[in-house]
Peer 1: 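Just passing along the structure, written as structure tokens.
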Amino acid sequence: MSDTNDAATQATAVPSHTGEDAQNDVLLDVQHLTKRFAAETNFFGRATSHVQAVDDVSFQIRRGEAFGLVGESGCGKTTVGKMLVNLIKPTSGTIVFDGHDLTAMKNKERKRYCRDIQLIFQDPYASLNPRMRVGDIIAEPILTNKLLPKDQVEDRVNELLECVGLANYMRNRYPHEFSGGQRQRVGIARALAVKPKLIVCDEPVSALDVSIQAQVLKMMEDLKERLNTSMIMITHDLGVVASLCNRIAIMYGGKIVEIGTDKEIFYEPKHPYTQGLIRSLPKMEAGQGKLYNIKGMVPDLLHLPQGCRFAPRCEHACERCHCEMPPLYDIGGGHLVRCFLYEEQGTPVETAEGGEQE
């Protein structure tokens, strides 16, 4: 984990920076990002009901920072990642990357910035063309973007293979000739080929064995330090972000419920949902007994509960929680919590409806 003093200086979910230097340090600024999918349509093809996959999500990532986005399946974290790389369009909100509002651009304009944001897919086998040799897969983005003369591409591919721990002779193999961990390394090499400023990692190790997960995560950590590339790690596994991320955001039911440094999330969790996640982690202690289980079920995104999304499962919920959505409260040092329990000690950074506080 990162040092507490360094991590505590990271950015908050809603802009609170003052000064040109602090603003220039922000690489990605996501504000009020929302995505609704049509669930049912009428005879004319118009949506009559929607699935609220992502609801008013805001966060920032600084240059060289690793940011974790954690939540259960169906919480909307993968949808956020797909919107960042332009695989799907947001319903509303803004994505400002390196000072440019990507959501205000047409596709032709946005293509100029696409190579600076690369995606590492969850399934390493499905993301690689089975008819192409690995060397050609890695070389393709270099040739497409005309980054190097053709006579220099082979050396660059060899350099990338070495960077992710693969031998040069493997460039002539096909994806099916590799193990799962090796295929994911190929996917990482392909993402690094265009020298991106931000890498979006969507469950990059969930399909791998535990021992291979550790190897790939260690490699990603080394690459992050060596290349100073910003990274957003999207996962349901808190253990994945523990060793890699400076700051962590916890999502539930399409909303961010807590953002803090790695130490704040793991040792001082504030939101009842985050506390439940930490308590459910297995511990290397004798006689631990049964693991803690958060009661209830995740919310149906087609019929979301009124008020706080976690209220039906929360042991601290009061009548107000079932009627009103709490805002994000800054309880100090950029540690944000969406819970009325911290109303007195915290400062709201947005209104109860989710808008930015004036």
Side-chain angles (χ1 to χ4, degrees), residues 10-15 26-37 50-62 65-98 100-105 110 113-114 116-123 191 196-206 230-238 240-241 244-260 265 271 273-274 277 298-299 301 304 309-310 325 328 336 338 350 354 356:
Q10 303 300 335
T12 60
V14 177
V26 176
L27 178 66
L28 180 73
D29 188 3
V30 175
Q31 290 299 312
H32 312 300
L33 200 62
T34 299
K35 181 62 183 178
R36 293 191 300 271
F37 294 100
H50 294 85
V51 171
Q52 189 82 5
V54 178
D55 186 7
D56 200 59
V57 165
S58 299
F59 61 87
Q60 290 181 334
I61 299 178
R62 291 191 173 189
E65 180 184 29
F67 183 83
L69 192 59
V70 181
E72 295 175 82
S73 297
C75 73
K77 57 187 186 296
T78 293
T79 303
V80 171
K82 289 181 177 180
M83 286 189 281
L84 295 182
V85 297
N86 202 32
L87 288 179
I88 56 178
K89 299 289 185 183
T91 303
S92 62
T94 59
I95 301 171
V96 178
F97 177 73
D98 206 12
H100 303 278
D101 187 355
L102 302 185
T103 49
M105 296 180 183
R110 186 165 178 169
Y113 304 97
C114 284
D116 290 331
I117 308 178
Q118 291 295 308
L119 176 65
I120 297 176
F121 294 89
Q122 178 177 355
D123 186 346
K197 297 179 181 178
L198 175 67
I199 300 177
V200 179
C201 310
D202 183 15
E203 300 275 10
V205 296
S206 63
S230 298
M231 191 178 296
I232 176 169
M233 179 68 67
I234 299 171
T235 180
H236 66 277
D237 188 348
L238 280 167
V240 170
V241 298
L244 191 65
C245 297
N246 310 103
R247 287 189 306 129
I248 301 168
I250 306 296
M251 280 192 73
Y252 184 82
K255 277 190 170 291
I256 287 180
V257 297
E258 185 167 0
I259 298 181
I265 294 298
H271 196 279
Y273 176 61
T274 311
L277 290 179
V298 294
L301 296 182
L304 288 168
R309 302 279 163 81
F310 190 63
M325 174 64 70
L328 278 170
L336 308 181
R338 189 183 298 279
E350 63 180 22
E356 186 178 342

Peer 1: Hey, does the side chain of R309 reach the backbone of L304 with a donor-acceptor pair shorter than 3.5 angstrom?
Peer 2: no
Peer 1: Going through the checks in order, is the side-chain contact (heavy atoms from CB on, under 4.5 Å) test met by L84 and L28?
Peer 2: CA-CA 9 Å; L84 295 182; L28 180 73; 4.1 Å; yes
Peer 1: To the closest 0.5 Å, what do you measure between CG (D29) and CG (D101)?
Peer 2: 9.5 Å
Peer 1: Classify the ring geometry between Y252 and Y273 as parallel (under 30°), tilted (30 to 60°) or perpendicular (over 60°).
Peer 2: tilted
Peer 1: Measuring only between side-chain heavy atoms, which start at C-beta, is V70 closer than 4.5 Å to T235?
Peer 2: yes
Peer 1: Check whether any side-chain heavy atom of S58 lies under 4.5 Å from a side-chain heavy atom of Q31, and answer yes or no.
Peer 2: yes
Peer 1: Mind checking the CD1-SG spacing from I61 to C245? Nearest 0.5 Å is all I need.
Peer 2: 9.5 Å
Peer 1: Any side-chain heavy atom of M251 sitting closer than 4.5 Å to one from V57?
Peer 2: yes
Peer 1: If I compare all heavy atoms of C201 with all of M231, which pair ends up nearest, and what's the gap?
Peer 2: SG-CG, 3.7 Å
Peer 1: Donor-acceptor check, side chain of K197 to backbone of S230, threshold 3.5 angstrom: yes or no?
Peer 2: no
Peer 1: Would you check if the distance from the ring center of F97 to the ring center of Y113 is below 6.0 Å?
Peer 2: no
Peer 1: Looking at every non-hydrogen atom in both residues, tell me the closest pair between G253 and P299 and how far apart they are.
Peer 2: CA-CG, 4.0 Å
Peer 1: From R110 CZ over to I117 CD1, what is the distance, rounded to the nearest 0.5 angstrom?
Peer 2: 6.5 Å
Peer 1: Using side-chain heavy atoms (C-beta onward) and a distance below 4.5 Å, is R247 in contact with F59?
Peer 2: no
Peer 1: To the nearest 0.5 Å, how far apart are CE in M325 and NZ in K255?
Peer 2: 5.0 Å
Peer 1: Looking at I256, I234, I232, which one forms a side-chain contact (heavy atoms from CB on, under 4.5 Å) with K77?
Peer 2: I234
Peer 1: Using the side-chain contact (heavy atoms from CB on, under 4.5 Å) rule, take L301 and Q52 through it: C-alpha gap first, then chi angles, then the decisive distance, then the call.
Peer 2: CA-CA 6 Å; L301 296 182; Q52 189 82 5; 5.6 Å; no
Peer 1: Answer yes or no: is there a donor N or O on one side and an acceptor on the other, between the side chain of Q118 and the main chain of P196, under 3.5 Å?
Peer 2: no
Peer 1: Please check this pair: side chain of T34 against backbone of D56, looking for a donor-acceptor N/O pair closer than 3.5 Å.
Peer 2: yes
Peer 1: Going by side-chain contact (heavy atoms from CB on, under 4.5 Å), L33 matches just one of I95, T79, T91, T94. Which one?
Peer 2: I95
Peer 1: What's the verdict on side-chain contact (heavy atoms from CB on, under 4.5 Å) for V30 and M83, showing C-alpha distance, side-chain angles and the deciding distance?
Peer 2: CA-CA 10 Å; V30 175; M83 286 189 281; over 6 Å; no
Peer 1: Without swapping roles, check the side chain of H32 against the backbone of S92 for a donor-acceptor pair under 3.5 Å.
Peer 2: no
Peer 1: Look only at the side chain of D202 and the backbone of F121, and say whether a donor-acceptor pair between them is shorter than 3.5 Å.
Peer 2: no
Peer 1: In Å, rounded to the nearest 0.5 Å, how long is the span from OG1 of T274 to CD1 of I250?
Peer 2: 5.0 Å
Peer 1: Is there a side-chain contact between L277 and L238 (heavy atoms, below 4.5 Å)?
Peer 2: yes
Peer 1: Would you find a donor on one side and an acceptor on the other, under 3.5 Å apart, between the side chain of R36 and the backbone of H50?
Peer 2: no
Peer 1: Under the salt bridge (charged side-chain N to carboxylate O under 4.0 Å, His left out) test, which residues partner D123, sequence neighbours left out?
Peer 2: none
Peer 1: Give the intermediate values and the outcome of side-chain contact (heavy atoms from CB on, under 4.5 Å) for residues N86 and L102.
Peer 2: CA-CA 9 Å; N86 202 32; L102 302 185; over 6 Å; no
Peer 1: Quick check for you: to the nearest 0.5 Å, what is the distance between T78 atom OG1 and E203 atom CD?
Peer 2: 6.0 Å
